[in-house]
Amino acid sequence: MLIVQKYGGTSVANVERIKAVAQRVSKTVKEGNNVVVVVSAMAGETDKLIGLANQLSPQPNERELDLLLSSGERVTTALTAIAIESLGHKAIALTGRQMGIITDKVHTKAKISEINAYKAKDAIQKGYVVVVAGFQGITDEDEVTTLGRGGSDLSAVAIAAALKADLCEIYTDVDGVYTTDPNIVPEAKKLEKISYEEMLELASLGAKVLQTRSVEFAMKYNVPVIVRSSFNDNAGTLVTKEDKDMEDIKVSGVAYDKNQSKITILGVPDKPGIAAKLFNAIASANIVVDMIVQNISNDGKETDISFTVPKTDSKKALEITQSIAQQTGAKKATLAEDIAKISIVGVGMRTHSGVAAKMFDVLSSHGINIMMISTSEIKVSCIISAKYTELAVRSLHESFNLDFQK
Ligand code: ASP
Ligand code: MG
C-alpha cells in the first residue's frame, strides 16, 4: 500500500516526539508499505513566527509573512527525514515547491491548483520515504504561499489524491472523532467511521479535528482518511463515503460553536433590495455570514432580520449594519455576543422524520429558548443563549442515545 501519514504540531513538538514519528514510519515501512510523510511545524511555532512579525508591524506584508511561516514546516521536514534515516531507511525531505504543490496567488490562504509530484514519485520508486512540508506551496511565479491555518491537513489529503495513495492517516493528539466534546460529555464515544458530509458539518461547526477544506478535498477525490493519535496505537476514526449502516443512526454527533455573534436589524422597511444591500456590504468586508433569519412582517410595512457572523468580525459587521440601517430607514441594529450554536448531525436524518422536532423538545424541556433555527439535509442547528451550551449538548447527546452508541 501507499500510505500518506500526516503528523500535526503536537506530534512533532520536540526531538522525542519526532523520534516517535520516525519509529511509526519505520514500522509502517517494515510492514511492506510505501510511506509519504507530511508534517506541520512544531506545536506553537507558527503562532510564534506570527508574533515576531507583529512585533515589527501591525500588518506585515503577506508575501513576507508566507515566506516566514513556511520556515516552520521546513524545520520539521528536515528533522523528520534525518530521524527516519537514522533508523536505517532512505528518506528525503521536500519543501512544498520541491513537491510541486502549485497554488493560486492568494497569500496566507492559497488554494492548490495542481501537484506535479514527479520528484516524489521517483523517490518512492527508488525506495525512499518522502517527507513533505505541509501548509505551503508555490505560485507559477515562484512565490511561496501558505494554505491557511491548519493547512497541513489539506496538503496531506491533496498529496494522497495526487499520488493515488490507498490511505491518508492524519495523526494528531486525540484518538479520533467523537460523538461530541468529551470535555463536556465524558460518555462521548469515539466513532469508528463517519461520512465525509457528516465530518464536514462537524468540522465547520467547531469540532476541529480536521481542517474543513481538507475534508472537502477528500470527499471530492474520494480519499479515505483516518484520524488517529500519534500518542498511542488506537484505531482512530475512518472518514469515508457514506454507506448503508451509517443511515441507521439518526444522529452521529452533537456539535457546538461559541465563536459566533448575532446581529439583528430591526424595523427594516419591507421592500425589495434591502437584504441584498446589507449582505453585499457584509460580503464586501470579507465577513462570512452563517445563519440568516428574516421575520414575517406583521403589518406588511417592516420586518426584522437576524444573522450570525464570526465573533472576530462582529464589531465590523455591526458598524456596517448600522450604516445600512441609517441609509434604508431601518430602526436600529443590535449585537448579541453571548450566543452559541448547537447542532445535531447525521446522514440518517435523510431517511428518518421527527429528528428536528425531538431536538426542539429536548431543548424546551430544559427551558432553553431557541433564537434561530437552520437546517440542512443532514443537520439541524439552533442558536441559544451561550450559558446553556453545556446543558444543551449533554441533554441532546443523551436523548439521541449517543451515550450508548458504538
Ligand atoms: N503550521 C500551520 C498552522 O499552525 C499549519 C498546520 O499546522 O496545519 O496553522
Ligand atoms: Mg492542525
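All heavy atoms count here, side chains included; hydrogens, waters and symmetry mates do not. Note that the structure is a prediction, hence the values are computed from the model and not measured. When a ligand or atom number is given, it counts from 1 through the structure's own listing order.
- Using a 4.0 Å cut-off to heavy atoms of Arg149, the atoms of ligand 1 that qualify are 3 (C), 4 (O), 9 (O).
- Side-chain contact annotation: His397 with Thr179, donor-acceptor N/O pair under 3.5 Å present.
- Atom 1 (N) of ligand 1 has its nearest heavy-atom neighbour, among Glu73, Gln136, Met42, Glu45, in Glu73.
- Remark: the Thr103 side chain and the Thr145 side chain contain an N/O donor-acceptor pair separated by less than 3.5 Å.
- Shown are Glu198, Glu197, Lys193; of these, the side chain to side chain donor-acceptor pair (under 3.5 Å) with Ser195 is made only by Glu198.
- At under 3.5 Å, not a single nitrogen or oxygen of Lys6, backbone or side chain, sits near a nitrogen or oxygen of ligand 1.
- Ion pairing between Lys331 and Asp304 fails under the 4.0 Å rule for side-chain N and carboxylate O.
- At least one heavy atom of Gly151 lies less than 4.0 angstrom from ligand 1.
- No side-chain donor-acceptor contact under 3.5 Å links Thr95 and Gln136.
- Considering backbone and side-chain atoms together, Gly150 places an N or O closer than 3.5 Å to an N or O of ligand 1.
- Residue Ser40 has at least one nitrogen or oxygen atom sitting less than 3.5 Å from a nitrogen or oxygen atom of ligand 1, judged on distance alone.
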